[in-house]
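Heads up: the structure comes next, in structure tokens.
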Amino acid sequence: MGHLNTDNVLMSNNSTQILSDEQLIRSLASGDSSTLNYIYKSCYPTIEKMVFKMNGSVDDAYDIFQDAVTILYEKAKKDELHLSCRFSTYITAVAKHMWLKKMSQKKNQSFSTLSDYLEETIGVHDTVHQFFEFEQNVSKLTDCLKQLGEPCNTVITAFYIHNKSMQDIASDLGYTNAENAKTQKYKCLNRLRKLFFNEKEASLYK
Amino acid sequence: MNEHNTYELVEKYCHGFMDDKEKMFFEIDMENNPALAQLVHEHKTLINTFDHHNNREFIRYSLDSIHKHSHSQTHLMLKHLKLSVNKYWRTASVAAVVAVTASVLTFLFARSIYKKDTQATYQLLKGEINNIKKDQRAIKHEVDKVKINAVPVPDYPSKFSGTGFAISKNGYLVTNLHVVDGYTKIFTFTEDGIGHQCNLVVKDELNDLAILKINEDDFKFSGNLPYSIKKSNINLAHRIYSLGYPKNEIVYNEGYISSVTGFDGDSNKFQLELPSNPGVSGAPIIDETGNVLGIISGKQSQTEGVTFAIKSKELINLVKELPEDFKTSVLQENNIRSLNRSGQINQIRKFVCMVKVYN
């Protein structure tokens with residue numbers, strides 16, 4: 001892997017492209033599968049070894065890697081990924097930080113003492129913190145969708161998760177037109193919003 | 001503004017579908033209406049959560065297909081290890097047993113080699129001794145060959161045995177006549193155990209003395225006679241010692257002169273307080289200065305420890321009858337006067353022999 005540290009080699013369409021970190025981030029933002037493949041090949045072994053050394057299993061390592069790539073993908077998409085270090089260093093730092101945070105959550109420890117100088121320098125902490133917040137929201141949203149019941153669950157999932165058009169949703173669920181479906185969607189969304197934020201407030205005062 | 005329309009606007013705003021003018025008015029509305037602003041904020045959060053969920057699912061889905069097709073090195077290693085353990089535990093256990101056995105055997109083998117080494121050395125030593133023995137036998141054989149003219153020692157048991165001691169370097173010995181009288185096969189055995197055939201040269205029946213000559217032309221005792229044989233006064237309580245052959249080894253005894261006369265007032269003899277056994281007849285009685293005072297001749301049968309000896313003056317009278325190859329002067333010389341007892345004995349013992357007679 002040594003020579004790959006200076007230039008990223010991307011295998012696609014049987015041709016080898018050499019990418020800079022900037023190009024890598026741009027192609028990651030587009031969700032290009034060969035870029036993901038490259039990131040997996042070049043970064044996963046290091047992260048796996050690291051997690052393995054820190055008392056994690058292979059499955060733990062893969063979970064952490066997935067989350068780290070998700071973070072980078074989201075940041076790249078929002079054009080928020082401006083690196084002050086190498087891409088591979090950054091993703092490894094993110095993964096390490098996440099793993100330590102997960103461990104400390106398990107043991108109910110304070111995490112602040114665990115972060116080291118490098119992670120603070122490249123600003124991993126906030127990124128990871130945000131990710132964990134999103135993760136909490138996602139699991140809350142999933143719970144709320146279940147509570148919403150049908151047809152709201154289907155309508156909301158189809159629109160916001162499966163990115164279906166209102167036309168398709170209307171015909172799938174047997175609404176007379178898209179406008180009716182839209183009204184139904186807004187009703188469901190309102191219920192979901194109330195459920196989600198009420199629950200959040202309720203959980204805050206627990 | 002009904003719910004439907006409000007949501008439509010919020011959605012439009014959140015997804016950035018409004019044009020600049022529309023957006024500006026909507027933001028003014030939000031400033032004036034906190035409920036609307038709250039709604040927008042909450043909707044944004046929901047949409048972000050959905051986005052995050054979708055992004056996460058996309059990445060997971062994409063990576064899963066990659067991950068499935070490429071086994072991690074660690075995973076492979078562990079899997080291989082497990083497989084190896086499952087597949088090869090029999091072989092492995094056999095190998096372990098072999099390894100342990102081999103090491104134990106090696107240990108034992110090495111130990112036995114070490115042992116063998118010491119044993120070999122030991123045997124070598126033994127072998128050397130055997131070689132020396134062989135060599136000695138060979139030398140003895142050669143010596144025996146030289147003495148081809150000498151009469152061999154009979155291989156049957158002797159009739160009687162006594163003691164004799166040398167009175168010259170060239171093989172004259174004195175012993176009791178009763179030891180050798182009537183026998184022609186007379187052998188003397190020097191300290192080294194070699195037997196020499198002797199002839200009776202002169203005898204004194206009255207004093208029970210006999211002088212023998214070893215019948216070998218080249219025979220010589222090693223060294224000069226250590227002791228002197230002189231006419232000397234027999235004093236009571238004079239401490240004496242003797243060397244004789246009551247058995248096949250030379251035996252030392254010591255005592256004192258208990259009477260200046262022998263049995264029943266015999267003036268040719270004197271009486272000793274000295275343990276004596278059959279076989280010591282003919283043994284010399286020597287005083288502390290290495291002078292031979294007499295020759296043991298017998299003992300009083302009833303009492304233990306009483307021994308009689310013939311005075312040396314009788315011997316001196318007898319040697320006068322010897323041929324010219326005997327020199328009387330040697331009897332005057334004493335080489336052991338200044339030595340201590342054991343020093344004297346070491347010199348004397350070479351000149352004291354066992355005398356055996358055969359039928």
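All chains are named by letter (A, B, ...) in the order of the sequence lines, taking the proteins before the strands, and each is independently numbered beginning at 1.
- Counting non-hydrogen atoms of neighbouring residues, nucleotides and ligands closer than 6.0 angstrom, the NZ atom of A:K146 reaches no more than 12 such neighbours.
- At a threshold of 4.5 Å between non-hydrogen side-chain atoms, the residues A:E74 and B:D51 do not count as touching.
- Atom OG1 of A:T157 is separated from atom CZ of B:F50 by 6.5 Å, given to the nearest 0.5 angstrom.
- Taking OG1 of B:T49 as the reference point, atom CD of A:Q136 lies at 11.0 Å (rounded to 0.5 Å).
- The contact between A:L189 and chain B is made by backbone and side chain atoms together, counting heavy-atom distances below 4.5 Å.
- Side-chain atoms of B:D64 and A:Y62, non-hydrogen and from C-beta on, do get closer than 4.5 Å to each other.
- Heavy-atom distances place no part of A:L72 under 4.5 Å from chain B, backbone and side chain included.
- Ring centroids of B:H67 and A:Y44 are separated by less than 6.0 Å, placing the two rings close together.
- A:K185 has its side chain within reach of B:E11: a pair of non-hydrogen atoms, C-beta onward, lies under 4.5 Å apart.
- More than 12 heavy atoms of other residues, nucleotides or ligands sit less than 6.0 Å from atom CD of B:E254.
- A salt bridge is absent between B:R60 and A:D63; no separation between the charged side-chain nitrogens and carboxylate oxygens falls under 4.0 Å.
- The aromatic rings of A:F134 and B:H52 lie parallel to each other, with less than 30° between the two planes, well short of the 60° mark.
- Shown here is B:F25, whose CZ atom has no more than 12 heavy atoms of other residues, nucleotides or ligands within 6.0 Å.
- Taking NE2 of B:H41 as the reference point, atom CZ of A:R193 lies at 11.5 Å (rounded to 0.5 Å).
- Note: A:Y73 and B:F58 have tilted aromatic rings, judged against thresholds of 30 and 60 degrees for the angle between ring planes.
- Per-residue heavy-atom pair counts under 4.5 Å with chain B were compared for A:K182, A:K77, A:E135, and the maximum is reached by A:E135.
- With a threshold of 4.5 angstrom between heavy atoms, B:N54 approaches chain A through side-chain atoms but not through N, CA, C or O.
- Contacts between A:S33 and chain B at a heavy-atom distance below 4.5 Å involve the backbone alone (N, CA, C, O).
- Side-chain contact between A:L141 and B:H53 is absent, with no heavy-atom pair separated by less than 4.5 Å.
- Here the OH-OG distance, from A:Y40 to B:S62, works out to 13.5 Å after rounding to the nearest 0.5 Å.
- Annotation: side chain of A:Y160 is not in contact with side chain of B:L46 (no heavy-atom distance under 4.5 Å).
- Heavy atoms only, all atoms of each residue included: B:I59 and A:Q66 are closest at CG2-O, 3.8 Å.
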